[in-house]
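The figures that follow rest on heavy atoms only: side chains count, while hydrogens, waters and symmetry mates do not. Protein chains get the first letters and strands the later ones, always in sequence-line order, with residue 1 at the start of each.
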Number of protein chains: 2
Amino acid sequence: MSLDPVARFRRFSRAVTSEVGALDSSFLGRGRPLGAARVLNAIGNGHEDVGEIRAYLGLDSGLMSRLLRGLEAEGLVRTAPHPGDARRRVAALTDAGRAEFSEYETLSDARAGALLASHPRPEALLAAMDLVASALGRDRITLGQADPRGAAARHCLGAYYAELARRFEQGFDVALSRDPEAADMCPPRGAFLVAMSDGLPLGCVGLKGNGGTQAEVKRLWVAPSARGLGLARRLMEGVEEAARALGIDTLRLDTNSAALPEAARLYRAAGWTEIPRFNDDPYPDLFFERRL
Amino acid sequence: MSLDPVARFRRFSRAVTSEVGALDSSFLGRGRPLGAARVLNAIGNGHEDVGEIRAYLGLDSGLMSRLLRGLEAEGLVRTAPHPGDARRRVAALTDAGRAEFSEYETLSDARAGALLASHPRPEALLAAMDLVASALGRDRITLGQADPRGAAARHCLGAYYAELARRFEQGFDVALSRDPEAADMCPPRGAFLVAMSDGLPLGCVGLKGNGGTQAEVKRLWVAPSARGLGLARRLMEGVEEAARALGIDTLRLDTNSAALPEAARLYRAAGWTEIPRFNDDPYPDLFFERRL
DNA sequence: CATGATGTCTGACTTAAGTCAGATAAATCG
DNA sequence: CGATTTATCTGACTTAAGTCAGACATCATG
């Protein structure tokens, strides 16, 4: 009944190859070779360090240098030595460069917008794209500390609360749970980690400290499109490392066995030991501890 | 809460671009430029006519000619004049060419297999890929007559029956419905149309004739991943055209208002008029007619 | 059968992309 | 400090890809 998975994969490949090709040729419409356009877009997207851009685009250093020179000759880019390390260089867009960059943005936005607008279920299409992108880019997911009040963190936390509200039969009210103060999840007391993939937040975890050697792990969440890729485990390893760096030697956490069964399994598999209840929150019924 | 759709689209773009790039470079590992590899693969995938390959790959005639010559020099391809039109040429793989082609197949199968095997929900990933591929390739979906007993038709009909079984509360048994004989859905009595996208069947419709000027439309089905793209309408237009070509002037069909509400909407919108019951099948409760 | 259209081929180009071997300057480390 | 490593730059290449004009044979049509 179901068709050969590899045939389906191939069809997908062909479809996106020609889409990517179409986008590339629309980029060529601006009269600049693709290589140069890619560098310009990388800079516009916030990559500054020349070496970083090279790694991101996979370019040879000679080629990179020439492309940059061409963009400088066009007056779109300015380069300068890196403030802290004069071997390196950083690139920035000039006003003309920013204008040109936004033309490229307009081109790809128009493509994206047209495709999404013409689809009967844009949200389903986007969800499918997220899933595919996470599967393809799983080893390009990076973990980093972030401000728990920043945009990426707020997105994760919002999705986390929404999911809890769905999973708990009686709903979920942040106010009822002891919502950790943001300051307790920032250095030097604690930390907040966000997993990012190409600018999109895919997961988070918070470490709520009190200045002492004990801290609590809170708000572990992974985006539905990225589940099963081992991201929760990476986040937990990351938060343990952050705790060690802060001089913390004991971690605790709480969870709910019925609403979040996969979480309890993860903690047990990662070597956490169950302990008696240590708070009076209404939601959790399972409590864990781990010594570092 | 939900992130900028365009940012999500871009992330998808970047992920597949680098995946496509990785596949391309793995193809380069066989010591042949990509262009030549693409031509070899096109021939291996059943494209024979040189002009057709050129259109499929979007190549200039000069370039195409040179690439073919290179493959001939390698002993992988043999070309010959087209039997019916000596201006055209057809290309075929030699034994060595077939061996080389299957090496390429192995490479891309391995990539696809590794990705699917490493994913926690391969079926969900494939479904997402199907959805994206259909959305991207909507104007590359082609309609064509097919044998209702062939592989593509059987796949569609199997999915169709399975879906009916899910939608009808009491299930669905093909034997209870008047399953049209395959011969009635083949020329000269009738027709069977299949919508294909890059080798994958995405929808079908049957025209069951009896040798007279009246015929019945049966088995209209569209793959879930391709719904909303106007494919059902195209199939209905195609079946009407096929009917006209067979000298048929009146079409009838039956459907079920509760289990298949979108079908009834489609027929009404396409100008069909409701008529009294004309058979005693247990499943349908709505009957339509249309004069051509 | 003459005419124009079609499909392929050839040769002469251009451009983009990428490679490689140094040169240079700054940072790092013992 | 001197030796080594790192990051970028330059010049001299190669290769792939694509363009263009014209040649040639064949087909379709009046």
Enquirer: For Ala243(A), check side chain to side chain contact (heavy atoms under 4.5 Å, CB included) against everything at least two apart and list the hits.
Expert: Leu207(A), Ile248(A), Leu251(A), Leu292(A)
Enquirer: Got a sec, which residues hit side-chain hydrogen bond (donor to acceptor under 3.5 Å, both in side chains) with Arg189(A), two or more places apart in sequence or on another chain?
Expert: Asp184(A)
Enquirer: Asp147(B): which residues meet the side-chain hydrogen bond (donor to acceptor under 3.5 Å, both in side chains) condition with it, sequence neighbours left out?
Expert: Arg149(B)
Enquirer: Closest nucleotide of DNA chain C for Gly58(A) versus for Ser61(A): which of these residues is on the 5' side?
Expert: Gly58(A)
Enquirer: Considering only heavy atoms, which members of residues 28-57 of chain A lie under 4.0 Å from some atom of DNA chain C?
Expert: Pro33(A), Leu34(A), Gly35(A)
Enquirer: For Leu59(A) and for Leu63(B), find the nucleotide of DNA chain C with the closest heavy atom, then tell me which residue's nucleotide is more 5'.
Expert: Leu63(B)
Enquirer: Could you give all pairs that pass the side chain to side chain donor-acceptor pair (under 3.5 Å) test and reach residues 100-111 of chain B, with sequence neighbours left out?
Expert: Arg10(A)-Glu105(B), Arg10(A)-Ser108(B), Arg10(A)-Asp109(B), Glu19(B)-Arg111(B), Arg30(B)-Glu100(B), Arg32(B)-Glu100(B), Arg32(B)-Tyr104(B)
Enquirer: How would you list all residue pairs meeting side chain to side chain donor-acceptor pair (under 3.5 Å) that involve residues 75-86 of chain A, not counting sequence neighbours?
Expert: Glu72(A)-Thr79(A), Thr79(A)-Arg89(A), Asp85(A)-Arg87(A)
Enquirer: Looking at Ala128(A) and Leu131(B), what are the two nearest heavy atoms and their distance?
Expert: CB-CD2, 3.7 Å
Enquirer: Sequence neighbours left out, what pairs pass side chain to side chain donor-acceptor pair (under 3.5 Å) with at least one residue falling in residues 56-65 of chain A?
Expert: Ser65(A)-Arg69(A)
Enquirer: Mind listing the residues from residues 70-89 of chain A sitting with a heavy atom below 4.0 Å of DNA chain D? Number order is fine.
Expert: Arg87(A), Arg88(A), Arg89(A)
Enquirer: If the condition is side chain to side chain contact (heavy atoms under 4.5 Å, CB included), which residues does Ala226(A) pass it with, not counting sequence neighbours?
Expert: Ser134(A), Leu202(A), Val222(A), Leu229(A), Leu231(A)
Enquirer: Quick one: label Arg66(B) by what it contacts on the DNA or RNA (base, sugar-phosphate, nothing), any heavy atom closer than 4.0 Å.
Expert: base
Enquirer: Can you run down the salt bridge (charged side-chain N to carboxylate O under 4.0 Å, His left out) pairs that involve residues 36-59 of chain B, sequence neighbours left out, and say none if there aren't any?
Expert: Asp49(B)-Arg88(B)
Enquirer: Under the side chain to side chain contact (heavy atoms under 4.5 Å, CB included) rule, collect the residues that match up with Ala151(B), sequence neighbours excluded.
Expert: none
Enquirer: With a strict under 4.0 Å distance from non-hydrogen atoms of chain A, what nucleotide opens and what nucleotide closes the contacted stretch of DNA chain D, reading 5' to 3'?
Expert: dT6(D) to dA12(D)
